[in-house]
Amino acid sequence: MEERENIAAEFLRAGLEGAGSGSALTGSDIAGLLEIPRDSAMGDLAFPCFTLAGKLKKSPAAIATDLAASLAESVRGNKQVERGVAAGPYLNIFFTPAFRAGIVSAILEGDWLAPEPARAGRVMIEYSQPNTHKVFHVGHMRNVALGDVLVRLYEFAGREVVAANYIGDVGTHIAKCLWVFTRHFKGEAPAQHRGEFLGGLYKQADELLDFTRLTAYPHPGLFSARVLEMRPHPGNADWKVLKLDAGAKGQAQVVCGGTGFQTGAIVAWAPPDCSFLGRLVQRVDKAGISSEGLVPSCKELGTGEDRDKIHIFPRETPLGAEITEIGRRPGCIPTEQSVAAVIRERGAEVRAVLRGLEAREPSLERLWRETRQWSLDEFSEIYAWIGCRFDHYFYESEVDEEGKRLALEALEKGQLMRSEGAIGADLSTAGLGFCMLLKSDGTTLYATKDLALARRKFEKFNVAESLYIVDHSQSLHFQQVFKTLELLGFAQAARCRHVAYGLVNLPEGKMSSRKGNIIPFSKLRAELGAHIRREFLHKYQGEWPEAEIAEAERRIAVAAIRYGMLNQEPIKNIVFDMREWTSPVGNTGPYLLYAYARTRSILREVPELAGTAFDGALLIHEKERVVLNELAGFRRAVLRAVRDHNPQVLCAQLYELARAFSRMYEECPVKRAGEPALQAARLKLVAATGAVLRRGLGLLGIEVLERM
RNA sequence: GCGCCCGUAGCUCAAUCGGAUAGAGCGCUUGGCUUCGAACCAAGAGGCAGCAGGUUCGAAUCCUGCCGGGCGCGCCA
């Protein structure tokens, strides 16, 4: 039924010829220009005459008028096109009712809802990527909704899809979690929701390790010092050479590139051999002048966003005092303990766990495996609930070594460079800076593993196209990874795409573990379920089997979540408002389920009339015409949603169809249609509407209900 | 400071890869159930499209500059 456009185009081409402008445009040119009129009453398709105006040296309106006159002839006896009407610069086409209604048979009896013919090129869609030992919450649901729908859409487009997950099962977050579990947690792990339990531990670890709760300046080993002298640096106009007085800690000469301070100011001083921001501060020669440590900026100290401005302490600050104590927050830890000591101790404990994990220390390895499985079990439960699919699971733990080797090999080939002790790709010519792949201690980073993972996708899975469904904050990361892949000689890099999406916020603002307003999956499911039972299913208690009620509850909940997550452009932030998303009124998942249920209800109510053939020519009511056109627009919408990686397009199409159906429902009764032939025709139209709603919702990952 | 993204009705969002009078939902006002499901439908009010330029027959859409917000920017993932 794409033939609608083709038939209209051919008809128009003939009309142009009749008007003496035959060679102006080809049939396919015209088909490409055809639009759907703003107002359905204006026609079934619209041909804008603007582009012809230049070629024919006539005004668009004049062309439309001439075209209409020419078409008046060819319309006679035409089985498909009823008339062409000039409306300003547009020539609007009306199909014959029989042809327009042909879509119904195509849907019900043909393969109009079937996927596109198979196309070569396997595509991998990587999505979800949860971290074990962390809470899986509503925010993560957007990713799942988007990833899963893209899997379904790509398959509709005729592609072979490998749906992939990539589990974050290594890294410091796990060390933190297990640190709390082994050192601070007293009691038994629960029997239920053990993944979320681990997430809670992780959150607790984050709090224990959030040293800004203990002090305003959570950097042990730094001292307050007064700037005694400030001279320009002979080798670099942007630098200054400072002479610092750190009281009992002595004096030092430091080269500094920062701004916003003067002689006499009290600043922080990181002396040589102390550890600052995870790195050893060294005594360096900056262009021939020795610098004994450094003076951190506001950004480095965490007191501001400015990367150049130097943080200044109040006048009365004693010199040579450890800054952790200067900023000490009373009441957090016993006064006899020094903040710096606590920071060092906790940090050392976590690092010990991390080293133990990396060294595969048997007891830790066992604990890691066991707890990891708790999370994985919970993920499986979530995926089963929402109904998404994965064909393959990757784990960070399995690409770590591979990533390291890949980086070292690339270094040998001269594709990477060393910088400040680290190894990475120089992407500055592409405006992407430096992509670090191996830290100075030789360990890998996220990007390193992504390179190894990409290679696996290319070589083991032979994918021609690779999609990464990851939130928008990772845009730079993926630009760097793809560019580095290119640098390493992977031509497939050109077919890698980052599908970015925005955050999920709550009506009361952002989600953050600090505010404690994160909605974990178990809570989401429970609240959603209770709400839906109360609002939708309460009245069927006792009437329907409990199993049906439970399944309806799940489907409505999934419809609300999936539709809410998808009914907006992916790149934009969205607000998760449970009341709004579950509303039976308005542009929501439940409304669409309801519309479908009503189509089923009619089909149950009105028996099929045996022996009455479908006569589409009877469907001439304006409301019926609109429904037919919405049905006809379905495929185009699906294919556009795939092309743009934007399921919202499909949501909008389905919503318009549901609305058109509701409007038709008011004025075009099936049961009391009068004529049996009309009743039969309407019945088929209702059936076709239901079929498209079911198919479209299915592509969104939403399962319909026969009654609700 | 640099880069990416987003600014459309009171709120949440659309607008067919530059086209007709910028449209929906929510909320608000009003009307419609002895009728296939009123969980619906109909009508109304509500707009300086962030601001200022530019390109074009035509701009919410493309370009430039500002303003506002979000997110990033080598040893986290």
Side-chain angles (χ1 to χ4, degrees), chain A residues 34-39 42 46 48-51 53-54 59-60 87-90 92 129 131 134 168 170-173 277-279 305-308 396 419-424 431-441 443 445-447 449 471-477 479-480 500 502-503 505 507 510 535-536 567-569 571-575 577 579-580 583-588 590-591 593-595 597-606 633 636-637 640 643-644 648-649 651-653 655-656 659 662-673 679 682-683 686 707-708:
Chain A
L34 288 171
E35 298 173 15
I36 293 158
R38 299 198 81 83
D39 183 349
M42 296 192 289
C49 302
F50 302 99
T51 45
S59 79
Y90 287 85
N92 295 326
Q129 308 107 332
N131 284 326
K134 278 195 185 178
V170 290
T172 49
H173 77 275
L277 296 177
R279 305 172 64 180
E305 282 307 300
D306 202 317
R307 301 162 86 87
D308 295 319
E396 260 187 77
S419 168
E420 298 175 35
I423 293 167
L432 297 172
F434 180 71
C435 178
M436 190 183 289
L437 296 169
L438 292 176
K439 299 190 271 189
S440 33
D441 66 2
T443 55
L445 286 114
Y446 197 41
K449 295 170 216 169
D471 81 274
H472 177 248
S473 68
Q474 305 300 323
S475 292
L476 177 61
H477 164 77
Q479 282 185 62
Q480 289 181 324
L503 265 51
N505 294 324
K510 283 184 169 186
E535 300 294 318
F536 292 81
N567 188 28
Q568 200 164 139
E569 281 184 67
I571 195 65
K572 294 185 176 169
N573 291 350
I574 57 175
V575 175
D577 186 334
R579 281 216 325 277
E580 204 169 291
S583 170
V585 176
N587 193 350
T588 69
Y591 171 80
L593 286 184
Y594 175 69
R598 285 209 299 179
T599 68
R600 304 308 292 170
S601 167
I602 293 170
L603 295 176
R604 275 194 303 269
E605 200 68 31
V606 185
R636 183 192 262 230
R640 224 187 92 206
R643 186 196 66 190
D644 297 344
Q648 192 274 332
V649 175
C651 293
Q653 182 68 31
Y655 178 67
E656 286 307 321
R659 289 212 79 200
S662 284
R663 288 174 178 146
M664 178 179 78
Y665 180 89
E666 294 291 315
E667 295 184 38
C668 308
V670 181
K671 202 175 184 176
R672 295 169 293 103
Q679 185 177 83
R682 284 181 172 169
L683 203 56
V686 170
R707 55 178 183 171
M708 64 184 282

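Heavy-atom basis, side chains included; hydrogens, waters and symmetry copies ignored. As the structure is a computational prediction, the values presented were derived from the model and not from experiment. We name chains A, B, ... by the order of the sequence lines, and we start the count at 1 in each one.
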Trace of the side-chain contact (heavy atoms from CB on, under 4.5 Å) decision for A/Ile423 with A/Met436: CA-CA 6 Å; A/Ile423 293 167; A/Met436 190 183 289; over 6 Å; no
All N/O contacts under 3.5 Å from nucleotides 68-71 of chain B to the protein, with atom names and distances to one decimal?
| residue | atom | partner | partner atom | Å |
| --- | --- | --- | --- | --- |
| B/G70 | O3' | A/Lys510 | NZ | 3.1 |
| B/C71 | OP1 | A/Lys510 | NZ | 2.2 |

Every protein N/O lying under 3.5 Å from an N/O of nucleotides 57-62 of chain B:
none

Short heteroatom pairs, N/O only, protein and nucleotides 25-27 of chain B, under 3.5 Å:
| residue | atom | partner | partner atom | Å |
| --- | --- | --- | --- | --- |
| B/G25 | OP1 | A/Arg659 | NH1 | 2.9 |
| B/G25 | OP1 | A/Arg659 | NH2 | 2.9 |
| B/G25 | O2' | A/Asn587 | N | 3.4 |

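When both pairing distances are held under 3.5 Å, B/C36 makes no Watson-Crick or G-U pair with any nucleotide shown. The partner of B/U61, taking Watson-Crick or G-U wobble pairs whose two distances both stay under 3.5 Å, does not exist in any strand shown. Pairing for B/G44 goes to B/C28, judged as Watson-Crick or G-U wobble with the two contacts each under 3.5 Å. The base-pairing partner of B/G3, taking Watson-Crick or G-U wobble contacts with both distances under 3.5 Å, is B/C71. The nucleotide B/U21 finds no pairing partner, because no Watson-Crick or G-U wobble arrangement with both distances shorter than 3.5 Å includes it.
For B/A14, the base has no donor-acceptor partner in the side chain of A/Asn567 [N/O atoms by modelled type, under 3.5 angstrom]. A/Ser475 contributes no side-chain N or O that forms a donor-acceptor pair with the base of B/C4 under 3.5 Å.
Straight-line distance from the CZ atom of A/Arg598 to the P atom of B/C36: 12 Å, rounded to whole Å. Computed from coordinates, the A/Glu569 CD to B/G7 C1' distance equals 13 Å when rounded to whole Å. The nearest whole Å value for the distance from the CD atom in A/Glu667 to the C1' atom in B/G32 is 12 Å. Across the protein-nucleic acid pair, A/Glu656 atom CD and B/A14 atom P stand 14 Å apart, rounded to whole Å. The separation between A/Ile36 atom CD1 and B/C17 atom C1' is 14 Å, rounded to whole Å. Across the protein-nucleic acid pair, A/Gln648 atom CD and B/U16 atom C1' stand 12 Å apart, rounded to whole Å.
When the side chain to side chain donor-acceptor pair (under 3.5 Å) test is applied to A/Glu605, the partners found at least two apart in sequence or on another chain are A/Lys671. Under the side chain to side chain contact (heavy atoms under 4.5 Å, CB included) criterion, A/Pro669 pairs with A/Arg672, A/Arg682, not counting sequence neighbours. In this structure A/Arg38 satisfies the side chain to side chain donor-acceptor pair (under 3.5 Å) test with no other residue, sequence neighbours excluded. Applying the side chain to side chain donor-acceptor pair (under 3.5 Å) criterion to A/Gln653, with sequence neighbours excluded, gives A/Glu630. For A/Asp471, the side chain to side chain contact (heavy atoms under 4.5 Å, CB included) test picks out A/Ser473, A/Gln474, A/Tyr501, with sequence neighbours left out. In this view, A/Tyr446 and A/His477 satisfy the ring pair (Phe, Tyr, Trp, His ring centres under 6.0 Å) rule, not counting sequence neighbours. Residues passing the salt bridge (charged side-chain N to carboxylate O under 4.0 Å, His left out) test with A/Asp577: none are found, sequence neighbours excluded. Residues satisfying the ring pair (Phe, Tyr, Trp, His ring centres under 6.0 Å) criterion with A/Tyr655, sequence neighbours excluded, are A/Tyr591. Residues that satisfy the side chain to side chain donor-acceptor pair (under 3.5 Å) test with A/Asp441, not counting sequence neighbours, are A/Thr443.
When each of B/C13, B/C73, B/U35 is scored by its nearest atom to the side-chain atoms of A/Leu476, the top-ranked nucleotide is B/C73. Proximity note for A/Pro37 (side chain, C-beta onward) versus B/A20, B/C36, B/A77: the nearest is B/A20. For A/Arg38, counting side-chain heavy atoms from C-beta on, the closest listed nucleotide (B/G32, B/C76, B/U16) is B/U16. Listed nucleotides: B/C36, B/U12, B/U16. Nearest to the side chain of A/Ile602: B/C36. For A/Ser601, counting side-chain heavy atoms from C-beta on, the closest listed nucleotide (B/C13, B/U16, B/C36) is B/C36. Between B/C41, B/A77, B/C36, one nucleotide has an atom nearer to the side chain of A/Tyr591 than all others, and that is B/C41. Comparing B/U16, B/C76, B/C36 by their closest approach to the side chain of A/Leu445 singles out B/C76. The side chain of A/Ala46 sits closest to B/A20 out of B/A20, B/A77, B/C75.
For the pair A/Ser440 (side chain) and A/Ala422 (backbone), a donor-acceptor distance under 3.5 Å is absent.
The shortest distance between the side-chain N/O atoms of A/Tyr665 and the OP1/OP2 oxygens of B/C33 is not below 4.0 Å. The phosphate of B/C76 has OP1 or OP2 within less than 4.0 Å of a side-chain N or O from A/Lys439. Contact annotation: A/Ser662 side-chain N/O to B/C41 OP1/OP2 distance is under 4.0 Å. The side chain of A/Arg682 contributes no N or O atom lying less than 4.0 Å from OP1 or OP2 of B/C36.
Here the CG atom belonging to A/Leu437 is positioned 12.0 Å from the NZ atom belonging to A/Lys449, to the nearest 0.5 angstrom. Atom-to-atom distance recorded for A/Leu445:CG and A/Leu438:CG is 7.5 Å, nearest 0.5 angstrom.
As rounded to the nearest Å, B/G27 and B/A45 have C1' atoms that lie 12 Å from one another.
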